[in-house]
Amino acid sequence: MGLFTSLFGKNEKEEKELGLLPWIALTSKEQLDEIVEKSNERPQLIFKHSTTCGISRMVLNMFTRSYTLGESADLYYLDLHAHRDVSNAVASHFGVVHQSPQLLVLKDGGVNFHTSHGAITDIDLKDYI
C-alpha cells in the first residue's frame, strides 16, 4: 500500500478501490511519447483525476468498479495536483481541452476518444478499443 499512498494520497478507501486495477502512474511528460508508441500495439487509457474534487473521486470510484476490460489496455492515472505540468502537456500533446476528471483513449498512435465528468461512467469502453 505504500505505493498507493505516495501516488494517490492517504485515503485508505480510495487506495483499496484503486488497487483493484493495474494503474500505471503518469508522472512525467516523457511518458507521453511512450504511451503514443504503445498505443500502436494495444489501447492506452489516461485517467486525469483531481484529488481535491468530490466529483472526480466519485467518477474514479465508479470507473474502477465498472472496469471490465481486464488487461486488454494499459491504464494510466494522472494526479492533476501533483503533476500539473504533465496534465498541461497531455492537453497540448493530444489537442484536447483540459477537464477533470477526464478519460482519454489512445489507439493507433492518437486519441481515439475522450470524455469527462459523469460521461466517463456512461460509455462502454469496448466501443472505443
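Fair warning: this is a prediction, and the values are worked out from it, not measured in the lab. Throughout, residue positions are numbered sequentially from 1 according to the sequence presented.
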Item checked: D79 CG to R84 CZ distance, which is reported to the nearest 0.5 Å -> 11.0 Å
Item checked: Considering all heavy atoms, the nearest V86-K29 contact -> CG2-N, 3.8 Å
Note to self: Which heavy atom of S56 sits nearest to which heavy atom of S50, and what is that distance?
What the structure shows: OG-N, 3.1 Å
Check: Mind checking whether L78 and H83 have side chains closer than 4.5 Å, heavy atoms only?
Finding: yes
Next item on the list: Would you please name every residue forming a side-chain contact (heavy atoms from CB on, under 4.5 Å) with S66, sequence neighbours left out?
Entry: none
Check: What are the two closest heavy atoms between R42 and S72, and how far apart are they?
Finding: NH2-C, 4.0 Å
Next item on the list: Using a 4.5 Å cut-off on heavy atoms from C-beta on, say whether the side chain of P101 contacts that of K48.
Entry: no
Notebook entry, point to check: With a 4.5 Å heavy-atom cut-off, do L21 and Y77 have their side chains touching?
Noted result: no
Margin query: Just verifying a value: how many Å separate L106 CG and N112 CG, rounded to the nearest 0.5 Å?
Written below: 8.5 Å
Check: In terms of the angle between their ring planes, are W23 and F47 parallel, tilted or perpendicular, with boundaries placed at 30° and 60°?
Finding: perpendicular
Item checked: Inter-residue atom distance T64.OG1 - L20.CG, 0.5 Å rounding -> 7.0 Å
Check: Which pair of heavy atoms, one from H114 and one from V111, lies closest together, and at what distance?
Finding: CD2-CG1, 4.1 Å
Would you list the atom pairs, donor with acceptor, under 3.5 Å between side chains in residues 32-41 and any protein atom, with sequence neighbours excluded?
unit_1, atom_1, unit_2, atom_2, d
K38, NZ, D74, OD2, 3.4
K38, NZ, Y76, OH, 2.9
S39, OG, V36, O, 2.6
S39, OG, G109, N, 2.8
N40, OD1, G109, N, 3.2
N40, ND2, E37, O, 3.4

Next item on the list: Can you see which heavy atom on R57 is nearest to which on T51, and at what distance?
Entry: NH2-O, 3.1 Å
Donor-acceptor pairs under 3.5 angstrom involving side-chain atoms of residues 120-129: please list them, not counting sequence neighbours.
unit_1, atom_1, unit_2, atom_2, d
T121, OG1, G118, O, 2.8
D124, OD1, K126, N, 3.2

Note to self: To the nearest 0.5 Å, what is the distance between OG1 on T52 and NE2 on H49?
What the structure shows: 8.5 Å
Notebook entry, point to check: Distance from L104 atom CG to F113 atom CZ, nearest 0.5 Å?
Noted result: 9.5 Å
Next item on the list: Find out whether L80 and H98 are in side-chain contact, i.e. whether some heavy atom of one side chain is under 4.5 Å from a heavy atom of the other.
Entry: yes
Note to self: Is there a side-chain contact between V90 and Q102 in this structure, where contact means two heavy atoms from C-beta onward sitting under 4.5 Å apart?
What the structure shows: no
